[in-house]
Structure formats: C-alpha cells, structure tokens
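Scope of the values below: all heavy atoms of this structure, side chains included, with no hydrogens, waters or symmetry mates. Note that the structure is predicted; figures quoted are calculated from it, not measured.
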Amino acid sequence: MDDILSCPAGVRKIAVEWTVDEYAEGFALTLRDEDEVSVAISFPYVKEMARSSQKENVRTQLSKLGNTPFESGEVNQHWSAEWFIPSSVWAEWRRIAVDKLRSARRMNYPYRYRRVPCPSVRSGEEEKKETMAAPFASQTLTYLANVMNRKAEAFYLKSGAARVEPAFERKEPDDAVLMFCRHCLRYSLGWCLREGKEKSPFHEPFYLVLSDGRRFRLAFDCTHCQMKVYADEKEA
C-alpha cells in the first residue's frame with residue numbers, strides 16, 4: 001500500500017469485474033466494482049460465428065479503461081459459441097457500461113450529515129425536531145461560499161458558522177482569488193518543486209498579461225497542487 005501511495009502520479013483506481021453473457025437477441029454486459037456497485041446492460045446484436053477463439057480479444061477490449069477511475073480485473077465470459085464482435089462495437093459497449101457505472105456510484109455515494117436539534121415551530125410543544133445541517137470545514141465562511149442574501153447568511157450562522165463574508169458579487173474582497181487551477185505553469189515549464197525539478201531562473205511572482213495590458217498575479221499552492229490566479233493588479 002505504501003508503494004502505491006508513494007507513486008508520483010498518486011492515482012487510485014477502482015477495481016472492476018466484467019461478466020459477458022448472451023441471450024437470444026444479443027449480448028449482455030455486467031460491470032461490478034469493488035464496492036459492490038454494479039450495472040447490467042443488454043445489447044441487441046446479430047450473432048455471427050468467429051473463425052477463432054474470441055476470449056483473449058474480449059478481455060483485451062474490455063480492459064481498455066484508459067483515462068477512467070477504473071481498472072479491469074477478472075473478465076467472465078459465458079457464451080455457448082465463439083461469436084464475432086468487432087473491436088469498435090466492444091469499445092462502444094465498454095463506454096456505455098462505464099458511464100452507467102459512474103452514474104450508479106454517484107447515486108450510491110454514502111453522504112453523511114450531522115443532526116442538529118432544532119426547536120419545533122409550534123410554541124408550547126416539548127417535542128423537538130431534528131434538521132439536517134451540512135458540516136463546515138471552517139467556522140468562517142469566506143466569499144467563496146457565495147452568500148448573496150441575508151437568508152443564506154442567517155442559515156449558515158444558525159448552522160454553526162461564526163462569521164459569514166458576503167459573496168464576491170456583493171463586495172469585492174481585497175486580494176481575491178479569481179481562479180483555482182489544477183494546471184500549473186511552473187510544472188509545465190519544468191520548475192515543479194514537488195517533483196524535485198530545477199528551480200525557476202526567474203523571480204516570482206509571475207503574471208498573466210492580456211493584450212490590453214491588464215495583469216493577473218499567479219501564486220502556487222504546492223501543498224494542494226494548485227495554481228491561483230488573483231484579481232487584476234495595476235503596475236506600480
């Protein structure tokens with residue numbers, strides 16, 4: 001596990017298992033992941049006998065999960081004969097199955113909330129109701145929470161926030177971050193400190209300069225692997 005987590009890419013894949021079945025009018029794919037989330041799709045298709053064994057090709061085509069969060073494990077094939085299915089058809093069926101599994105995982109995601117006791121709206125009633133309140137990562141909500149009106153502010157304060165700042169559109173804060181980017185120019189230029197590459201020969205901060213002369217300051221948050229673009233700065 002330590003070896004996996006120490007990989008430079010830091011990519012974690014979800015293992016999946018394929019099952020290929022047939023029925024009178026075509027074929028069926030079942031895709032199940034390591035969390036026991038599964039989808040099954042039927043594909044009507046005219047059956048045609050193959051000249052050679054298709055088992056290895058089926059495994060190869062279904063294992064091409066590429067830039068998805070999944071990696072292929074076992075491929076189970078339950079056929080009464082060796083049927084020929086072009087690779088392009090397998091690619092389309094694989095894409096449909098993966099998309100449906102992603103949707104199924106989102107639907108089955110175990111959202112967790114904390115329960116906060118709330119007095120009943122009706123006066124004189126001793127019974128208390130419980131309302132669902134989302135947990136906050138911080139007791140102070142900045143402009144990034146996008147609180148535009150008083151009702152939203154009151155909701156957050158009642159839910160545990162100690163301080164709520166107005167949204168950017170209501171009051172522009174000093175030194176506001178306009179964009180958080182996963183794409184990092186310092187990394188692209190080969191000067192990433194996390195990767196142990198060579199140090200930039202230029203002094204920071206860097207700026208993005210538009211054709212009209214406006215400049216946008218860049219800052220690099222290596223802890224979270226982000227590049228931040230700050231509001232327009234005028235030249236001194």
Side-chain angles (χ1 to χ4, degrees), residues 1-115 132-137 144-146 179-184 187-188 194-195 221 223-227:
M1 179 61 71
D2 290 339
D3 293 339
I4 296 175
L5 294 177
S6 63
C7 291
V11 178
R12 191 265 183 186
K13 294 282 188 175
I14 302 167
V16 295
E17 175 184 291
W18 293 92
T19 300
V20 186
D21 294 294
E22 64 171 294
Y23 64 103
E25 291 78 21
F27 302 90
L29 281 183
T30 300
L31 182 57
R32 181 188 302 274
D33 67 20
E34 62 188 48
D35 298 314
E36 299 300 319
V37 179
S38 65
V39 294
I41 312 105
S42 297
F43 298 100
Y45 195 81
V46 177
K47 294 180 180 178
E48 178 184 349
M49 289 291 295
R51 297 180 179 177
S52 59
S53 173
Q54 297 295 296
K55 187 173 183 178
E56 190 59 36
N57 184 55
V58 172
R59 179 181 298 276
T60 299
Q61 297 305 321
L62 293 181
S63 298
K64 293 180 179 180
L65 296 175
N67 191 26
T68 72
F70 307 113
E71 62 179 357
S72 184
E74 190 173 355
V75 178
N76 304 300
Q77 187 175 341
H78 304 146
W79 283 3
S80 62
E82 294 292 342
W83 304 114
F84 173 73
I85 301 175
S87 298
S88 58
V89 175
W90 280 119
E92 178 65 13
W93 291 359
R94 182 185 66 238
R95 182 191 63 80
I96 293 173
V98 168
D99 287 346
K100 287 192 176 294
L101 183 60
R102 277 176 160 169
S103 299
R105 286 184 60 84
R106 285 193 291 268
M107 293 175 63
N108 285 274
Y109 184 82
Y111 292 98
R112 294 182 177 87
Y113 302 90
R114 64 182 172 90
R115 294 184 175 272
M132 305 298 285
F136 295 109
L144 295 174
N146 198 32
M179 187 180 298
F180 297 86
C181 306
R182 281 296 182 188
H183 176 75
C184 177
Y187 177 87
S188 299
R194 288 188 62 179
E195 297 291 333
D221 183 354
T223 301
H224 299 95
C225 200
Q226 285 183 338
M227 182 179 74

| request: Without swapping roles, check the side chain of Arg105 against the backbone of Val37 for a donor-acceptor pair under 3.5 Å. | output: no

| Looking at Val39 and Ala104, what are the two nearest heavy atoms and their distance? | CG1-CB, 3.8 Å

| query | Are side-chain heavy atoms of Trp18 and Arg59 found at a separation under 4.5 Å? | reply | no

| Donor-acceptor pair, Gln226 side chain versus Asp221 backbone, under 3.5 Å? | no

| request: Hey, could you give me the CD/CZ distance between Glu34 and Phe70, rounded to the nearest 0.5 Å? | output: 9.5 Å

| Any side-chain heavy-atom pair from Leu144 and Phe180 closer than 4.5 angstrom? | yes

| field | Smallest separation among heavy atoms of Thr30 and Ala40, with atom names | value | OG1-CB, 3.7 Å

| task | May I ask you to test the Ser52-Phe84 pair for a side-chain heavy-atom distance under 4.5 Å? | result | no

| Between Ser42 and Glu25, is any pair of side-chain heavy atoms under 4.5 Å apart? | no

| Does the side chain of Val20 reach to within under 4.5 Å of the side chain of Leu29, using non-hydrogen atoms? | yes

| field | Lys55 NZ: over 12 foreign heavy atoms closer than 6.0 Å | value | no

| Judged by atom type as modelled, is there a donor-acceptor pair below 3.5 Å linking the side chain of Trp93 to the main-chain atoms of Phe43? | no

| task | Provide the closest heavy-atom pair for Lys47 versus Tyr23 in the form atom of the first, atom of the second, distance. | result | NZ-O, 2.7 Å

| request: Quick one: pull up SG in Cys184 and CE in Met227 and give me the separation to the nearest 0.5 Å. | output: 6.5 Å

| query | In Å, rounded to the nearest 0.5 Å, how long is the span from CD1 of Ile85 to CD of Gln61? | reply | 10.5 Å

| request: Hey, could you give me the CG/CD1 distance between Leu101 and Ile96, rounded to the nearest 0.5 Å? | output: 14.0 Å

| Side-chain touch Asn108/Asp35, heavy atoms, less than 4.5 angstrom | no

| Validation row: Tyr45, Trp83 side chains within 4.5 angstrom (heavy atoms) | no

| Closest heavy-atom contact between Pro69 and Arg102? | CD-NH2, 2.9 Å

| query | Of all heavy-atom pairs between Met49 and Ala81, which one has the smallest distance, and what is that distance? | reply | SD-CB, 3.9 Å

| task | Verify, without hydrogens or angle tests, whether Glu82 (side chain) and Gln54 (backbone) share a donor-acceptor contact under 3.5 angstrom. | result | yes

| task | Report yes if some heavy atom in the side chain of Lys100 is under 4.5 Å from a heavy atom in the side chain of Leu31; otherwise report no. | result | no

| remark: Between Ser87 and Asn57, the two heavy atoms sitting closest are OG-OD1, 4.0 Å

| query | Looking at CZ of Arg95 and NZ of Lys64, how far apart are the two atoms once the value is rounded to the nearest 0.5 Å? | reply | 16.0 Å

| said: Is there a side chain to side chain contact (heavy atoms under 4.5 Å, CB included) between Arg32 and Thr19? Walk through the geometry before answering. | reply: CA-CA 8 Å; Arg32 181 188 302 274; Thr19 300; over 6 Å; no

